[in-house]
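The structure appears right after this line, and notes come after that.
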Number of protein chains: 2
Amino acid sequence: MSLVLPSTGRRVPCEQCPLRVLPHFRDFTVRELDFVSSFKRGELVAEMGSTILAEGSLSPHLYTVLSGWAFRFKSLPDGRRQILNYVLPGDLVGLQGSITGEMEHSVEALTPMILCVFQRDRLDELFQGYPGLAFDVTWIAAREERMLDEHILSLGRRTAMERAAYLLAFLHSRAEAVGISGTTPLQVPLSQQHVADTLGLSIVHTNKTLRKLADRKLIRWMDRSCEIIDPEGLQELADWEAPAERKRPLI
Amino acid sequence: MSLVLPSTGRRVPCEQCPLRVLPHFRDFTVRELDFVSSFKRGELVAEMGSTILAEGSLSPHLYTVLSGWAFRFKSLPDGRRQILNYVLPGDLVGLQGSITGEMEHSVEALTPMILCVFQRDRLDELFQGYPGLAFDVTWIAAREERMLDEHILSLGRRTAMERAAYLLAFLHSRAEAVGISGTTPLQVPLSQQHVADTLGLSIVHTNKTLRKLADRKLIRWMDRSCEIIDPEGLQELADWEAPAERKRPLI
DNA sequence: CGCCAGCTTGACTACAATCAACCATCGTGG
DNA sequence: CCACGATGGTTGATTGTAGTCAAGCTGGCG
């Protein structure tokens, strides 16, 4: 969420990855780390609002987010847009496309971002020589699946208020896990249009719903950003518990 | 969808698996087939309506569906239920739980079923010694993710009619791919309550929506079963295209 | 200064939930 | 054999949630 230099060089060696030191991520063996390091092709610096991956394309790359926020989305032919999930530091982006062939969704940056770039065609090598990492990749896919299951439950069976509360509690919990948030209340870099496209609501109704949350002092809305004041209150309202995330892999 | 004998023996050797011969599934090497065969512990015969896996449990097993239909679902603490996806022959069930630890959703049989039973703790072995199969497992997870993405789009941005049409077109396309359906119109083994819990609608409204589809001669509703008369018409109404599924793995 | 993006609010409409019956079919037990 | 209760589907009336339309506000920026 900070520096943006329009270059493509490599600035962060995997051995000094700022994410890897977080207690949240599992340790790698030296051999694994060496491979990941050689797997990395460089870094991609993306501006806020730019498209990282586009639906229908066939990207040769795969990314891990080093810093910044993004979201995955799909659109209907007539333009209606639906946000599928959010992408935070440590997340793998483009795995689905790498495995299935063509991208079935797009990814757009919510903030300036830095991403590690991997070569999709070396994924084979990873599976051939590094079963531990191969398992990690599957683990990451299973984690995404779990999140999508939750979103479907929310979209299908929660009321507008509950959905909004769930979304914000969810994002808070994810940001906290990767050490964004600090002591001050977390600022989520969203517009109300993003919230609407996530919850499956119109902007107008989203606005009215968020106002109610603000009136209850659970959040505070600022320009293109939501301050999470009371994450526990949001969880309670949504009747949702943040999963106890154990150590997870980082590729 | 046919025979049901309450035993647990092994009746179908992997080498003679009725699914494996379908053009839809990729060929295995002899070594891979041997492993899968040894990975298989037996068969589970499940009655219609029985629970295969339960949310919150920690199952030691992993299954592949040999025959029959099932669905995955989650519930809110107050009982509201949401169906997440359907499970058809050739599908892997319980992978998420095997990788993440605890099951985060339940699975229930829509028809009598036969499932191949695998030992979860031998998944390591698979990743260690069979990179091709490991990749297949990841492929399967990515495929599920793609389906969930579609469902989220549908739930969030399609109208009730479009959602219903999408669901039925989707199920038709999946059934067709695994050779259920034959020449006669496909019968989908659902109650209207299942449809409601999938689309995030009330039963009453679901009923009215399905009537409209029936009036347009796209489907015909019978007791606990929906006959898909015009799959193309449903696709068109939902503005959805069935994915061109290439050969896929079967474990 | 004026435009644009993002947020806000009110009035009106429409889609979907809830409530309340009612029907048909099927399996069970008196 | 029939009465019953249960399951699954159908329909109409009423209520309420969310969508659409329309206007206006604010702050940033060219």
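In what follows, every chain begins at residue 1, and chains take the letters A, B, ... in the order their sequences are listed. The figures here come from the full heavy-atom set of this structure, side chains too, leaving out hydrogens, waters and symmetry mates. Not measured: the values here are computed from a predicted model.
- The phosphate of D:dT11 has OP1 or OP2 within less than 4.0 Å of a side-chain N or O from B:R211.
- Within the nucleic acid shown, B:S202 comes within 4.0 Å of at least one base atom, counting heavy atoms only.
- Each of A:V87, A:I180, A:D91 was scored for a side chain to side chain contact (heavy atoms under 4.5 Å, CB included) with A:R174, with one residue passing: A:D91.
- Using a 4.0 Å heavy-atom criterion, one finds that B:G49 contacts no nucleic acid atom at all.
- Rounded to an integer number of Å, the gap from CG of A:N207 to P of D:dC25 is 16 Å.
- Contact check for A:E104 versus B:D149: no side-chain heavy atoms found under the 4.5 Å cut-off.
- Contact annotation: the side chain of B:R72 approaches that of B:L148 to within less than 4.5 Å [non-hydrogen atoms, C-beta and beyond].
- For A:R81, the CZ atom counts as densely surrounded, since its 6.0 Å shell holds more than 12 non-hydrogen atoms of other residues, nucleotides or ligands.
- If you check C:dT18, D:dG8, C:dC7 against the side chain of B:R224, the one that comes closest is D:dG8.
- Regarding B:M48, its CE atom lies at a distance of 14 Å from the C1' atom of C:dG27, rounded to whole Å.
- What separates CG of B:D223 from P of C:dC26 is a distance of 8 Å, to the nearest Å.
- Within the nucleic acid shown, A:I203 has no heavy atom closer than 4.0 Å to any nucleic acid atom.
- Atom NE2 in B:H205 sits about 16 Å away from atom P in D:dT17, given to the nearest Å.
- What separates CD of B:E162 from C1' of C:dC15 is a distance of 13 Å, to the nearest Å.
- With the nearest nucleotide of DNA chain D identified for both A:V204 and B:S225, B:S225 has the one nearer the 5' end.
- Remark: A:Q193 is not in phosphate contact with C:dC7, judged by side-chain N or O atoms under 4.0 Å from OP1 or OP2.
- Between the C1' atom of D:dA18 and the CG atom of A:L210 lies a distance of 14 Å, rounded to the nearest Å.
- The aromatic rings of B:W240 and B:F170 sit perpendicular, their planes meeting at an angle over 60°, well past the 30° parallel limit.
- When distances are taken from the side chain of B:K208 to each of C:dT18, C:dC7, C:dT9, the shortest belongs to C:dT18.
- Taking atom CD of residue B:Q192 and atom P of nucleotide C:dA17, one finds them 14 Å apart after rounding to whole Å.
- Here the P atom of nucleotide C:dC7 and the CD1 atom of A:I219 are 11 Å apart, to the nearest Å.
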